[in-house]
Amino acid sequence: MTSALLEDLQWRKSIAQTTDQGELAKYLDGGSRSLYLGFDPTAPSLHIGNLVALTVLRRFQLAGHKPIALVGGATGLVGDPSGRNSERTLNEVEVVNDWVGKIRKQLEGFLDFSGSNPAIMANNLDWTAPVSAIQFLRDVGKHFSVNQMLARESVSARLEAGGISYTEFSYQVLQAFDFLELNRRHDCHLQIGGSDQWGNIVAGVDLIRRVESKSAHALTIPLLAKADGTKFGKTADGSIWLDANMTSPYAFFQFFLNSDDRDVEQLLRTFSFKSHEELESLFESLRINPGAREAHRALAHEVTSLIHGEDQTLKVENAARALFGQSEIRELDEATLESALKELPRTSLTSGQEFPTWVDLLCAAGVVDSKSAARRVVKEGGAYLNNEKISGEDFKPQQSDLLHGRFMVLRKGKRDLAAVEVDS
RNA sequence: GGUGGGUUGCCCGAGCGGCCAAUGGGAGCGGACUGUAAAUCCGCCGGCUCUGCCUUCAGUGGUUCAAAUCCACUACCCACCA
C-alpha cells in the first residue's frame, strides 16, 4: 500500500473494508480521482452519524481527489433496508424533495466547489426518473442475480426478521445503478460509505465490471462505537443534527464537550483535521490530566467550527465559559451575559406583568416537560435561579432577581440551562 | 385452514377480580463524590387546580358494588398442527 491517504485513514481507524487495497492505493496514487458518497434524504437534516463518512470524503478532497456528493432523491423514495429489521414507511414525494434541497445545502457547505479538484453535487433522481420500468429491468436488472441479491446481509437479515417488500429489495439495484451512472458521467471508480453499505457498494462494483468491463473500488468506514455500548450521536432526546434549528450550536458543542473520556481519542481521530502530532499530544494530555479536558475542548471546538463556523463557535464557547465559570453570574456585565444567553433556549416575559411561580417558570422555559417534573426537580434540589438553588415550590421570582433588570438564568441539574428575558 | 399462547407505562418484563398509577431490570432525571467525564452510592421516574382528583395496562362492548385481571367481538403478533 503506497497511498498516504489510505495510511492516514488507517491511522484514524476509518477503514472497515475495502476492495483490493493494493489496487486501490495504486489507483489513488495515479492522479486526482473521482469518488462518491451518497446520502438518502430520510430527515430534513444530516446528523452527526452522517458526518463520519462525510469527513472521510472531505479528506479525499484535501488529498487532491474529486468528491461527488450524491443526494438520494430517488433512493430516498424507495428506502434502504440496510441495518433495519423492519420495513420503512414511505415518505411523501414532496417531503423527500424538500429534504433533498436541505441536505444538499448542508453538503455544499462541507466541500469545496472551486479550485482544481472541485466537488460535484449529484442527485440520482436525475438519471433514474427518465428511465422506464421496462428499460430499467432490461438494461440494469438483467445483470443482477436474485440469488446474490438474497445473499446480501441487508436482505437476508430482513428475510429472517419476517420479510421485505419488493420495493426495498430493489434498493441495491438502484444504488448499483447510481455507481454505474457516475462512472459513466464522471469517471468515478470509487464509492465510500458506512460499513453497512458494503453490500450496496459492491453491487455497484459488480455492475460496472459487467456492463463497462471496468474495475471499480469500494471503501467502507466503521460505525463509531461508544465505550458504553450505545449508538454514537444519539441522545435520549434523539439525534444530534447539523441543522442549527434542530440542534443549536450550543447543544452541538456541549455534546462533544461532554463526551465520555474513553471516546474522545477515537472521536478526534475520526473528525479532526489536525496533524497526527497535534493529535498525539492531545491524547497525551487526555491520559495525564483528563480533568483539564483539553482534548474534549479541542474536539468540540473543531467540529463545531466546521459545521457552524468559527464565529459561532467562539460565541458558544464564551457562553459556556460565562455560565459555567467560577465567576459570580451576578457579576457578569450585561453584554457578556446577553450574548451568552442568546445561545440558550429562551422564553420571554412581558414586563409589568406578575412573574409566574417558580414551577411554572421552569416549565415555560422548557427545562422540564411538565409541572409535575418541575415540582420533582425543585423538591430534589436540582433547580437553580441565577446559580442559586431554589427549593421552594411556591417561590416567585421578583424584580430583584432579574440580572441587569431583564434576565434570569434557569438551571436544572448541572448543565441544563435556559434563559428568561423580560421584554420591556 | 385448525388449535393453543400473547398484546402492560420510553424499552424489557411481572401482575391474572379489590391491598394497582401497577413488582423488578434497563434507559432517563435529581443529589453526593468528581472534571459540564466514567464508576459508585442515595432519591425520583403518567398528569393535574396535588393530604385529593383525573387519564392509563391493544381496540370496542359487556359482567360486577369493584376489572390490567372475567366474558364477547375486532386488530395485530407468536407457537404447534395441516
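Values reported hereafter were calculated over all heavy atoms of this structure, with side chains retained and with hydrogens, waters and symmetry mates removed. Below, chains carry the letters A, B, ... as their sequence lines are ordered, and counting in each starts from 1.
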For K414(A) and rA37(B), is the shortest distance between a side-chain N/O and OP1 or OP2 below 4.0 Å?
-> yes

Considering only rA37(B), rG47(B), rU36(B), which nucleotide approaches the side chain of D260(A) most closely?
-> rA37(B)

B/S/- contact track for nucleotides 51-56 of chain B, protein heavy atom under 4.0 Å | ------

Answer yes or no: does a side-chain N or O of R411(A) lie under 4.0 Å from OP1 or OP2 of rU36(B)?
-> no

Salt-bridge present (R287(A), E284(A); N to O < 4.0 Å) = yes

Report the residue from D260(A), D261(A), N258(A) that forms a side-chain hydrogen bond (donor to acceptor under 3.5 Å, both in side chains) with H296(A).
-> D261(A)

Give the rounded distance in Å between these two atoms: CD of E294(A) and P of rU36(B).
-> 16 Å

Same-atom distance (P) from rA21(B) to rA37(B), integer angstrom | 38 Å

Regarding the side chain of K371(A), the nearest nucleotide among rG31(B), rA38(B), rC48(B) is rC48(B)

Pick base, sugar-phosphate or nothing for A383(A), based on heavy-atom distances below 4.0 Å to the nucleic acid.
-> nothing

Using the C1' atoms only, state how far rG62(B) lies from rC42(B), rounded to an integer number of Å.
-> 48 Å

Rounded to whole angstroms, how far apart are CG on L299(A) and C1' on rG35(B)?
-> 16 Å

Nearest-Å distance for atom pair NZ/P, residues K389(A) and rA32(B) | 5 Å

Look at all strands and tell whether G382(A) reaches a base, only sugar-phosphate, or nothing, counting heavy atoms closer than 4.0 Å.
-> sugar-phosphate

Toward the 5' end of RNA chain B, by each residue's nearest nucleotide, D360(A) or D416(A) | D416(A)

Rounded to the nearest angstrom, tell me the gap between atom CG in L362(A) and atom P in rG30(B).
-> 12 Å

Write down the distance separating the C1' atoms in rG24(B) and rG13(B), rounded off to the nearest Å.
-> 8 Å

No-hydrogen, no-angle side-chain donor-acceptor test under 3.5 Å, S45(A) and Q106(A) | yes

Indicate whether any N or O donor in one side chain lies under 3.5 Å from an N or O acceptor in the other, for E338(A) and H404(A).
-> no

Check whether any side-chain N or O of Y250(A) sits under 4.0 Å from OP1 or OP2 of rU36(B), and answer yes or no.
-> no

Between F283(A) and W11(A), what is the ring plane arrangement, given parallel below 30°, perpendicular above 60°, and tilted in between?
-> parallel

Distance only, no hydrogens: is a donor on one side chain within 3.5 Å (strictly under) of an acceptor on the other, for T75(A) and D40(A)?
-> yes

With a 4.0 Å cut-off on heavy atoms, is K379(A) in touch with a base, just the backbone sugar-phosphate, or nothing at all?
-> nothing

Among the nucleotides rU36(B), rG35(B), rC45(B), which one has an atom lying closest to any side-chain atom of R376(A)?
-> rC45(B)

Nucleotide nearest D261(A) (side chain, heavy atoms from C-beta), chosen from rG35(B), rG43(B), rU36(B) | rG35(B)

When the C1' atoms of rC80(B) and rC70(B) are considered, how many whole Å apart are they?
-> 27 Å

Length of the NZ-C1' vector between K231(A) and rG26(B), whole Å | 18 Å

When all nucleic acid strands are considered with a 4.0 Å heavy-atom cut-off, which category describes R293(A): base, sugar-phosphate, or nothing?
-> base

With a non-hydrogen cut-off below 4.0 angstrom, is F256(A) in contact with a base, only sugar-phosphate, or nothing?
-> nothing

Send over the distance from E393(A) CD to rU49(B) P, rounded to a whole Å.
-> 11 Å

Can you tell me which stems RNA chain B forms when a stem means 3 or more consecutive Watson-Crick or G-U pairs under 3.5 Å?
-> B:1-7 with B:75-81, B:10-12 with B:24-26, B:28-32 with B:40-44, B:46-48 with B:52-54, B:58-62 with B:70-74

Would you give the length of the straight line joining atom NE2 of H47(A) to atom CE of M246(A), rounded to the nearest 0.5 angstrom?
-> 9.5 Å

Would you kindly say whether R415(A) and Q254(A) are connected by a side-chain donor-acceptor distance under 3.5 Å?
-> no

Euclidean distance for P, rC57(B) against rU69(B) (whole angstrom) = 9 Å

Given the P atoms of rC73(B) and rC29(B), what is the spacing between them in whole Å?
-> 46 Å

Of the listed rU36(B), rG35(B), rC48(B), the closest approach to the H296(A) side chain comes from rG35(B)

With C1' as the reference atom in both, quote the distance from rC20(B) to rA72(B) in angstrom, rounded to an integer.
-> 25 Å

How about E302(A) and S305(A): does a side-chain donor come under 3.5 Å of a side-chain acceptor?
-> no

Do L417(A) and K412(A) touch side chain to side chain, with heavy atoms closer than 4.5 Å?
-> no

Judged by modelled atom types alone, do D178(A) and W127(A) share a side-chain donor-acceptor pair under 3.5 Å?
-> yes

Interatomic distance where CG belongs to L344(A) and P belongs to rU36(B) [whole Å] | 17 Å

RNA chain B: G413(A) or L257(A), which has the more 5' nearest nucleotide?
-> G413(A)

Nearest of rG30(B), rC33(B), rG47(B) to any side-chain atom of S372(A)?
-> rG47(B)

Will you find, in the side chains of S239(A) and K234(A), an N or O donor that is under 3.5 Å from an N or O acceptor?
-> yes

With no angle test and no hydrogens, is the base of rG31(B) tied to the side chain of E380(A) by a donor-acceptor pair under 3.5 Å?
-> no

C1' atom, rA39(B) versus rC33(B): distance in rounded Å?
-> 11 Å

Counting heavy atoms from C-beta on, name the nucleotide in rA38(B), rG35(B), rC29(B) closest to the side chain of K412(A).
-> rC29(B)

Listed nucleotide nearest any side-chain atom of V377(A), set rU36(B), rC29(B), rG31(B) | rC29(B)

May I ask you to decide if the ring planes of F232(A) and F256(A) are parallel, tilted or perpendicular, using 30° and 60° as cut-offs?
-> tilted

Would you indicate what S259(A) reaches in the nucleic acid, counting non-hydrogen atoms under 4.0 angstrom: base, sugar-phosphate, or nothing?
-> sugar-phosphate

Let me know the distance between OH of Y384(A) and P of rU36(B), rounded to the nearest Å.
-> 12 Å

